[in-house]
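Keep in mind the model is a prediction, meaning the values are calculated, not measured. Here is the naming used below: chain letters follow the sequence lines, and residue numbers restart at 1 for every chain.
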Number of protein chains: 2
Amino acid sequence: MGAPEVADTSVRIMIAAADAFAEHGFSATTTRDIASRAGLSPAGVYVHFSSKEVLLFELSRRGHMRARDTLVASAREAASPTDALRDIIGGFSRWHADHHQLGRIVQFEFRHLSPEHRAEVLDLRKEIDTVVADILRAGVEAGEFEVDDVRTTALALLSMAIDVARWYQPGLRRTPESIERSYGDLAVRLVRRG
Amino acid sequence: MGAPEVADTSVRIMIAAADAFAEHGFSATTTRDIASRAGLSPAGVYVHFSSKEVLLFELSRRGHMRARDTLVASAREAASPTDALRDIIGGFSRWHADHHQLGRIVQFEFRHLSPEHRAEVLDLRKEIDTVVADILRAGVEAGEFEVDDVRTTALALLSMAIDVARWYQPGLRRTPESIERSYGDLAVRLVRRG
DNA sequence: ATCATGACTAAGCGCTTGCTTAGTGTGACC
DNA sequence: GGTCACACTAAGCAAGCGCTTAGTCATGAT
């Protein structure tokens with residue numbers, strides 16, 4: 001799974017760790033496994049990362065930031081709240097299929113972060129929530145959407161998309177492209193006026 | 001968290017294991033932790049369960065069976081497909097709030113089951129998928145629903161409900177009751193005729 | 001009274017864990 | 001040519017792991 005050759009050792013270790021965490025989970029992954037996937041001795045990892053937990057944090061932080069950036073970018077480009085919602089929920093769902101390994105790590109291994117690192121990741125999550133909630137509010141104001149409770153609806157939409165990482169695997173009947181299309185449409189159905 | 005006193009030792013061990021798995025995850029939970037939560041010596045657990053993995057399996061099997069039974073029961077009692085859908089998605093969401101510990105174990109620790117045990121749990125999951133898909137089909141036939149792709153929509157609805165176990169925790173603004181109500185309504189919105 | 005049964009414990013076996021220590025080889029700079 | 005910084009390895013430490021073994025003790029049948 002890991003890229004065969006990456007020049008920068010830190011990046012190579014992070015890819016190795018992502019593969020290992022995705023395969024066995026954080027606790028069941030040994031630092032020896034990560035090291036050997038990265039082509040290093042066990043001690044070589046500690047030149048670049050001070051602990052296994054820091055590696056998980058770095059993966060979580062970067063994963064959340066990339067997901068958030070993708071989301072904000074599609075929101076900005078859309079012509080209307082309806083287009084924006086279709087694009088971000090479709091795009092976010094597709095992201096969780098394309099990066100289902102990283103997605104699983106970020107969502108399921110959250111508890112193994114230290115309290116400080118957990119708080120930092122939580123802040124990133126709130127940013128993501130806010131992007132969706134803002135689009136819903138804009139849609140309601142523009143008369144395009146009808147929504148009972150903006151925050152509950154935003155949460156449900158994100159749940160749909162995030163859960164893709166739990167069940168998706170390559171080679172399935174559903175492709176990332178078809179997921180993007182159908183989940184984008186489902187999102188719009190959920191908020192359209194009655 | 002564990003009930004203070006339960007007569008049957010097997011049940012006491014299962015409650016102890018559920019608490020420990022929910023708190024630390026399967027791999028990070030030690031058999032010594034389970035034993036001491038159950039008031040036993042480390043070896044005492046092995047009188048009742050032959051391994052830590054078997055304990056996880058028993059928890060997963062019972063969790064899925066209980067969830068499925070709740071779901072089938074509400075589906076049977078409903079007067080129309082619309083009522084049935086609202087009841088089962090609302091009820092299933094609420095179940096994942098009320099039993100968020102068990103829900104998390106069942107959803108997130110799945111990979112640590114042996115291949116045989118995984119297959120057995122997957123069969124139970126398919127039964128749950130089918131209950132939802134059948135209601136959607138009945139609703140389309142009765143002219144109450146409008147659905148592009150029954151299986152995709154069923155999956156998205158289940159995702160919404162299952163994901164509750166990931167984010168819910170007691171003391172939150174959202175109560176199990178309010179989750180049941182709002183998620184039941186969201187489900188109906190998602191499939192109503194345009 | 002004797003014995004069988006089954007739930008349980010004390011002790012510990014063999015192994016693996018995350019991480020450290022001490023040392024090696026290499027390339028940049030003066 | 002010397003040296004200094006840095007990425008890296010071989011070896012291993014202390015602790016903890018899942019699970020087993022050998023034996024204790026209460027109970028109930030004979």
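What separates OH of A:Tyr46 from C1' of C:dC19 is a distance of 5 Å, to the nearest Å. Between B:Arg32 atom CZ and D:dC17 atom P the separation is 6 Å, expressed in whole Å. In this structure, A:Ile34 atom CD1 and C:dT17 atom C1' are separated by 12 Å, rounded to whole Å. Spacing between atom NZ of A:Lys52 and atom C1' of C:dT17 amounts to 9 Å, rounded to whole angstrom units. We find that CG of A:Leu55 is positioned 13 Å from C1' of C:dG18, with the value rounded to whole Å. The distance from atom CG of A:Leu40 to atom C1' of D:dC8 is 8 Å, rounded to the nearest whole Å. Following rounding to the nearest Å, B:Phe49 (CZ) and C:dC8 (C1') show an atom-to-atom distance of 15 Å. In this structure, A:Asp8 places its CG atom 10 Å from P of D:dA7, rounding to the nearest Å.
A donor-acceptor contact closer than 3.5 angstrom links the side chains of A:Asp163 and B:Ser159.
For A:Ser51, counting side-chain heavy atoms from C-beta on, the closest listed nucleotide (C:dC8, D:dT21, C:dC19) is C:dC19. Side-chain proximity of A:Thr30 to C:dT21, C:dG18, D:dC8: nearest is C:dG18. You'll find that the side chain of B:His48 is closest to C:dA7, out of C:dC19, C:dA7, C:dT21.
Ring planes of A:Tyr168 and A:His100: perpendicular class, angle over 60° (limits at 30 and 60°).
Each of B:Thr29 and A:Val45 lies near DNA chain D, and the nucleotide nearest A:Val45 is the one positioned closer to the 5' end.
Annotation: B:Arg173, atom CZ; neighbour count of heavy atoms from other residues, nucleotides and ligands within 6.0 Å is above 12. Crowding of B:Arg192 atom CZ: a count of heavy atoms from other residues, nucleotides or ligands under 6.0 Å exceeding 12.
In this model, the phosphate group of D:dG18 is approached by a side-chain N or O of B:Thr31 to a distance below 4.0 Å at OP1 or OP2. Contact between the side-chain N/O atoms of A:Thr9 and the OP1/OP2 oxygens of D:dC8 is found at a separation under 4.0 Å.
Under 4.0 Å is where a charged nitrogen must lie from a carboxylate oxygen, and between A:Lys126 and A:Asp129 no such pair does.
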